[in-house]
Amino acid sequence: VWKITCRTDTSRGEMVYQAAFPLAAGSDFSRVFVPFDDFQLVRGPRVVPDAPKLNVTGGIYQIGMSLSKFVIGVNTTELENFRPGFFDLQIRQIGFFSANSAKNMPAVAVNTLSKAEVKKKRPLLLKILLPVSKIFFSEQANRRKSAMKILHKQRGLSRAKAILWGIKTR
């Protein structure tokens with residue numbers, strides 16, 4: 001399911017307004033219209049019951065697009081024929097429309113890419129920096145850092161003693 005997400009404030013919470021939109025497979029650009037009335041407040045793929053309608057009179061802070069294996073609904077419902085992988089969404093233009101101006105709206109094209117194609121298209125600098133950055137910014141590195149902080153501050157162990165303790169408890 002293709003979804004467009006909208007935030008009207010700077011919060012980074014898990015609740016956002018989303019609307020599903022149809023998009024034909026292929027490389028040709030197509031026009032997509034998503035009325036503001038189609039947006040629903042969601043937490044993950046689930047609709048927040050009795051939520052207010054999207055109000056954009058104060059402006060829009062963020063717009064996002066995603067391809068999801070979950071249908072927007074009260075219950076978490078997975079699509080049966082969803083294929084995981086990478087996708088490439090090319091957007092020519094984003095705009096606002098009224099019922100009278102809908103004929104002049106922008107178009108959107110979609111192509112899917114394999115993981116190998118995504119890696120191949122990366123700039124050389126990213127190909128070099130990504131493996132190096134995973135050493136410092138991986139989930140494992142973050143957990144190691146948090147454990148070290150707990151062992152040092154709460155248990156009073158020095159760095160060397162904390163490392164030795166970690167080796168002994170493996």
Side-chain angles (χ1 to χ4, degrees), residues 1-21 23 34 38-56 58-91 94 108-170:
V1 175
W2 288 98
K3 296 178 183 177
I4 184 167
T5 303
C6 183
R7 290 183 192 271
T8 56
D9 59 26
T10 59
S11 72
R12 303 299 279 162
E14 59 187 22
M15 293 198 322
V16 295
Y17 284 91
Q18 276 189 347
F21 62 94
L23 201 55
V34 184
D38 288 359
F39 284 81
Q40 301 173 59
L41 188 62
V42 297
R43 176 180 285 124
R46 291 184 175 184
V47 173
V48 175
D50 303 319
K53 287 193 163 279
L54 174 63
N55 180 357
V56 296
I60 294 176
Y61 175 72
Q62 182 183 52
I63 294 175
M65 317 284 179
S66 64
L67 179 59
S68 175
K69 67 178 180 178
F70 298 105
V71 178
I72 299 172
V74 177
N75 299 318
T76 303
T77 307
E78 272 190 54
L79 291 172
E80 291 179 23
N81 59 351
F82 182 79
R83 289 183 311 132
F86 293 89
F87 65 92
D88 182 24
L89 178 65
Q90 296 179 12
I91 300 171
I94 294 177
V108 179
V110 178
N111 290 320
T112 57
L113 300 174
S114 69
K115 190 172 185 176
E117 289 172 318
V118 170
K119 283 185 175 181
K120 191 176 180 180
K121 283 185 147 187
R122 283 187 184 142
L124 181 60
L125 186 60
L126 276 180
K127 289 179 184 178
I128 295 168
L129 291 178
L130 281 176
V132 174
S133 69
K134 286 181 183 177
I135 294 169
F136 299 105
F137 302 107
S138 68
E139 183 64 28
Q140 188 177 12
N142 289 337
R143 288 181 184 186
R144 215 176 7 250
K145 185 177 174 183
S146 294
M148 183 62 76
K149 187 184 277 186
I150 290 168
L151 291 172
H152 180 67
K153 289 188 178 186
Q154 293 179 3
R155 298 202 180 164
L157 297 179
S158 68
R159 181 171 177 80
K161 286 184 179 180
I163 291 170
L164 288 174
W165 183 83
I167 292 170
K168 285 180 190 176
T169 58
R170 277 190 187 174

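All figures in this text were calculated on a predicted structure; none of them were measured in a lab.
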Got a second to check how far T8's OG1 is from Q62's CD, nearest 0.5 Å? 11.0 Å

Take K3 and S66, measure what side-chain hydrogen bond (donor to acceptor under 3.5 Å, both in side chains) needs, and give me the verdict at the end. CA-CA 5 Å; K3 296 178 183 177; S66 64; over 6 Å; no

With a 4.5 Å limit on heavy-atom distance, are the side chains of L130 and R122 in contact? yes

Mind checking whether K149 and S146 have side chains closer than 4.5 Å, heavy atoms only? no

Rounded to the nearest 0.5 Å, how far does NZ of K119 lie from NZ of K127? 10.5 Å

Check whether any side-chain heavy atom of Y17 lies under 4.5 Å from a side-chain heavy atom of L41, and answer yes or no. yes

How many angstroms lie between CG in L67 and CZ in F82, if you round to the nearest 0.5 Å? 5.0 Å

Taking all non-hydrogen atoms of both residues into account, name the closest pair between L151 and W165 and its distance. CD1-CE3, 3.7 Å

Do I128 and L126 make a side-chain contact, defined as non-hydrogen atoms from C-beta onward lying under 4.5 Å apart? no

Please report the shortest heavy-atom distance between G166 and T169, naming the atom on each side. O-OG1, 3.3 Å

Could you give me the CA-CA distance, side-chain angles and deciding distance for R46 and T76, then say whether side-chain contact (heavy atoms from CB on, under 4.5 Å) is met? CA-CA 6 Å; R46 291 184 175 184; T76 303; 2.8 Å; yes

Worked check of side-chain contact (heavy atoms from CB on, under 4.5 Å) between C6 and V16: CA-CA 6 Å; C6 183; V16 295; over 6 Å; no

Working to the nearest 0.5 Å, report the span between CD of Q18 and CZ of R43. 13.0 Å

Min side-chain heavy-atom separation V71-E78 under 4.5 Å: no

Tell me whether K145 at atom NZ has more than 12 heavy atoms from other residues, nucleotides or ligands lying less than 6.0 Å away. no

Indicate yes or no: at least one non-hydrogen side-chain atom of I72 is less than 4.5 angstrom from one of V1. no

Distance from W2 atom CH2 to L89 atom CG, nearest 0.5 Å? 5.0 Å

Working for side-chain contact (heavy atoms from CB on, under 4.5 Å), residues R7 and I63: CA-CA 7 Å; R7 290 183 192 271; I63 294 175; over 6 Å; no

Using side-chain contact (heavy atoms from CB on, under 4.5 Å), reason through F21 and V34 one step at a time and then give a plain yes or no. CA-CA 7 Å; F21 62 94; V34 184; 3.7 Å; yes

Short question: side chain of H152, backbone of L157 - any donor-acceptor pair under 3.5 Å? yes

Residues T5 and F39: closest non-hydrogen pair is C-CE2, 4.4 Å

